[in-house]
Amino acid sequence: MKRYTCCFTGHRDIPHEKVQDITNRIEEAVIMLIKQGYLYFGAGGALGFDTLAAQTVIKLKKSYPQIKLILVLPCHTQANNWSDNDIAVYEDIKKQADKVRYTSNDYYSGCMYKRNCHLVDNSSACICYLAREQGGTAYTVNYAIKNGLTIVNVNSSKKIP
């Protein structure tokens, strides 16, 4: 299954003027991987890039019904401090996901790291939105590179090495 699985990782804050372009690049990258035989797409359920990625997979399922959205969530309370609108979007994505897995029951300081490692450890490709070389996204992309995943950065649409 790992051979046919792609994970997503990206920043929570995406400049408003880049959202449509990033969404289009996610769609292009997912379609490219589907054509290579990828079936499973894992997202971490966070605000920003994870949400765009999950929504894109849900949209593409209409044209590619064989693909599956797998949500790998860090804990049951991830959305506790989110706005009502963000919670509604999150719940809608969870309802449309083919599988929802929690890596921890409760929040703790390492639960996001555990979620990110799970996504990478069970994938052979990673579509990312990497705009800066620090923080959780940069760490996750570097971890994916060290583990030999194919990386597609939709910030620049370039593969990282």
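Note that the structure is predicted; figures quoted are calculated from it, not measured.
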At what distance, to the nearest 0.5 angstrom, does CE of M32 lie from OG1 of T150? 8.0 Å
Keeping the roles fixed (side chain from T77, backbone from N80), state whether a donor-acceptor pair exists under 3.5 Å. no
Chi angles and distances behind the salt bridge (Lys or Arg N to Asp or Glu O under 4.0 Å) call for D121, K2: CA-CA 8 Å; D121 291 343; K2 181 176 179 171; over 6 Å; no
Of all heavy-atom pairs linking A43 and A54, the shortest is CB-CB, 4.4 Å
Given 3.5 Å as the limit, does a donor-acceptor pair link the side chain of N153 with the main chain of N155, or not? yes
Treating T51 as the side-chain partner and A46 as the backbone partner, does any N or O pair qualify as donor plus acceptor under 3.5 Å? yes
Could you go through L39 and M1, starting from their C-alpha distance and side-chain angles, then the distance that decides it, and tell me whether this counts as side chain to side chain contact (heavy atoms under 4.5 Å, CB included)? CA-CA 9 Å; L39 298 170; M1 193 159 117; over 6 Å; no
So, N24 versus E28: side-chain donor-acceptor pair below 3.5 Å or not? no
Is the number of heavy atoms from other residues, nucleotides or ligands within 6.0 Å of CG (D13) greater than 12? yes
Can you check whether H118's main-chain N or O pairs, donor with acceptor, with N122's side chain at less than 3.5 Å? yes
Restricting to side-chain contact (heavy atoms from CB on, under 4.5 Å), what partner residues turn up for S63, sequence neighbours left out? none
T137 side-chain N/O to G10 backbone N/O, donor-acceptor pair under 3.5 Å: yes
Atom pair CD1/CZ of I127 and F8 - distance to nearest 0.5 Å: 4.5 Å
Taking the six-membered ring for Trp, are Y143 and Y139 parallel (under 30°), tilted (30 to 60°) or perpendicular (over 60°)? parallel
Should the pair Y90 and W82 be assigned to parallel (<30°), tilted (30 to 60°) or perpendicular (>60°) ring geometry? perpendicular
Distance in Å, K68 NZ paired with T5 OG1, rounded so as to fall on 0.5 Å steps: 12.5 Å
If you compare all heavy atoms of A138 against all heavy atoms of E133, which two are closest, and at what distance to 0.1 Å? CB-C, 3.5 Å
Output for pair (C117 SG, N147 CG), nearest 0.5 Å, gives 8.5 Å
Check for me whether the distance between the ring centres of F49 and H11 falls short of 6.0 Å. no
To the nearest 0.5 Å, what is the distance between CD (Q78) and CG (D50)? 8.0 Å
Would R3 pass as a cation-pi partner of Y38, given that its NZ or CZ must be under 6.0 Å from the six-membered ring centre and within 45 degrees of the axis? yes
Nearest 0.5 angstrom please: C111 SG to Y102 OH, how far? 12.5 Å
